[in-house]
Amino acid sequence: MLESESRLALVRRARRINRELAELYPDAHCELDFTTPFELLIATVLSAQTTDVRVNSVTPALFARYPDAAALAAAEREDVEKLIQPTGFFRAKTDSILKLSQALVDKFGGEVPGRLSDLVTLPGVGRKTANVVLGNAFGVPGITVDTHFARLSRRWGWTEHTDPVKIEADVAALFEKKDWTMLSHRVIWHGRRRCHARRPACGACPLARLCPAYGEGPTDPKVAAKLVREGPRA
C-alpha cells in the first residue's frame, strides 16, 4: 500500500490490475504439463530452481515409467535420478518425490488428497506446491506465491512482506476467493514475460499507470519492447 493510499483505493487498484492482466493474458494457465493430480504434484516439486519448460521435457518419460504413486514409490533411485537430472538438484528432488510417493501410498491410498491441510503433510510439499495442485487439479481456489508473484506483489504495493505465507494472506485479503487461482496465473505470466526481476519492461507495460514501481526498468517504449518475452523462459 502506498503511504497516501486508502485501503479501499488499494483494493480497487489491485482488482483493476487483475482485470487488465486478464485482458493482457487471456490464455493464462499453469505451464506445467499434467493429466492427473499426481503428475501435477510431482511436476511442481521438480519445478523448484528450474523452469517449467525444463520440467515438461523430462516428465513424459518419468510418468510413462512411473504413472502413479505406487510405481514411483517402488522405483530404483538411480533410474529416477537419471530421468530428472536435467531439472537440477536431482538427488534432493529424487529423495523428495520418492518419499512423497511413499507417503501417498501409506497415508492416502496412493491418491493425492484434495485438502491443503493434508497436502502440506507430504514430504517436500509446502503451501505453494499445495495451492498449485488444489487450484489446477481440484478447482479449489489458491494463491501461488512463487518468486514472480512475490516480486510483483511488492512492486504493486499489495504487500510489504517477503515471507510467502504473509504475502499470501495480504493478497488474499484484496481479492474474492474465486479469483485466487487465475490471479496467480496472470501475475506469474506477467512476471515471466514483462515484469522481470532485473530489467522490467516498464515502457512496454499496459499496467504502468497503476504501478508504484514504474521506472525500475527502461521506460523508453522501443528499449522496453525488446525485453518482452512471448513465452516462458526455457
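Sequential numbering from 1 along the given sequence is applied to the chain's residues.
- Scanning both residues, Asp179 and Asn18, for their nearest heavy atoms gives CB-ND2, 4.4 Å.
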Residue pair Glu31, Arg193: steps toward the salt bridge (Lys or Arg N to Asp or Glu O under 4.0 Å) verdict: CA-CA 13 Å; Glu31 294 184 286; Arg193 288 157 175 78; 2.8 Å; yes
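- Taking the side chain as every heavy atom from C-beta outward, Phe175 and Trp158 approach each other to under 4.5 Å.
- Taking hydrophobic clusters as Ile, Leu, Val, Met, Phe, Trp and Tyr residues chained together by side-chain heavy-atom distances below 4.5 Å, Val112 shares a cluster with Leu116.
- Note: the hydrophobic cluster containing Leu72 also contains Val45 (ILVMFWY, side chain heavy atoms under 4.5 Å, direct or indirect links).
- To the nearest 0.5 Å, atom OG1 of residue Thr129 and atom CG of residue Leu122 are 10.5 Å apart.
- The shortest distance between side-chain heavy atoms of Arg155 and Cys195 falls below 4.5 Å.
- For the pair Arg91 and Glu81, the minimum side-chain heavy-atom distance is below 4.5 Å.
- With rounding to the nearest 0.5 Å, the separation of CZ in Arg186 from OG1 in Thr181 is 10.5 Å.
- Residues Phe108 and Leu40 share a single hydrophobic cluster, defined by chaining ILVMFWY side chains whose heavy atoms lie under 4.5 Å apart.
- In the hydrophobic clustering of ILVMFWY residues, with side-chain heavy atoms under 4.5 Å counting as a link, Leu100 and Val120 come out together.
- Between atom CG of residue Leu183 and atom OG of residue Ser153 there is a gap of 7.5 Å, rounded to the nearest 0.5 Å.
- At least one donor-acceptor pair under 3.5 Å links the side chain of Asn131 to the backbone N or O of Ile143.
- Across Ala69 and Gly110, no two heavy atoms sit closer than the pair CB-O, 3.7 Å.
- Residues Asp52 and Arg192 meet the side-chain proximity criterion, which asks for heavy atoms closer than 4.5 Å.
- The environment of Lys166 atom NZ is sparse: at most 12 non-hydrogen atoms of other residues, nucleotides or ligands sit within 6.0 angstrom.
- Salt bridge present: Arg209 and Glu20 bring a charged side-chain N and a carboxylate O closer than 4.0 Å.
- Residues Trp156 and Leu207 have side chains in contact (heavy-atom distance under 4.5 Å, counting atoms from C-beta outward).
- A salt bridge is defined here as a Lys NZ or Arg NE, NH1 or NH2 lying under 4.0 Å from an Asp or Glu carboxylate O, and Arg65 with Asp79 meets this definition.
- Looking only at side-chain heavy atoms (C-beta outward), Phe149 and Val171 come within less than 4.5 Å of each other.
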Throw together a table of side-chain donor-acceptor distances under 3.5 angstrom for residues 133-140, partners on residues two or more places apart or in other chains.
from	atom 1	to	atom 2	distance (Å)
Asn136	OD1	His185	NE2	2.7
Asn136	ND2	Val132	O	2.8

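- Minimum heavy-atom separation, Ala130 to Val125: N-CG1, 4.1 Å.
- Counting only distance, with no hydrogens or angles, the side chain of Asp33 and the backbone of Asn56 share no donor-acceptor pair below 3.5 Å.
- Note: Asp106 CG to Ser101 OG = 10.5 Å, rounded to the nearest 0.5 Å.
- Tracing side-chain contacts under 4.5 Å through hydrophobic residues (I, L, V, M, F, W, Y), one reaches Leu21 starting from Leu10; they form part of the same cluster.
- Residues Arg194 and Tyr25 form a side-chain contact, since some pair of their non-hydrogen atoms from C-beta on lies under 4.5 Å apart.
- Pairing each heavy atom of Leu24 with each of Pro206, the nearest pair is CD1-CG, 3.9 Å.
- Within the 4.5 Å cutoff, the side chain of Phe90 has no heavy atoms near those of the Thr50 side chain.
- A salt bridge is defined here as a Lys NZ or Arg NE, NH1 or NH2 lying under 4.0 Å from an Asp or Glu carboxylate O, and Lys82 with Glu78 fails to meet this definition.
- Annotation for Arg199: atom CZ does not count as buried by contact number, only 12 or fewer foreign heavy atoms lying within 6.0 Å.
- Counting all heavy atoms, side chain and backbone alike, Val228 lies closest to Ala204 at CG2-CB, 3.9 Å.
- Thr59 places a side-chain N or O within donor-acceptor distance of the main-chain N or O of Val55, the cut-off being under 3.5 Å.
- Lys93 places a side-chain N or O within 3.5 Å of a backbone atom of Leu46 that can act as its donor or acceptor partner.
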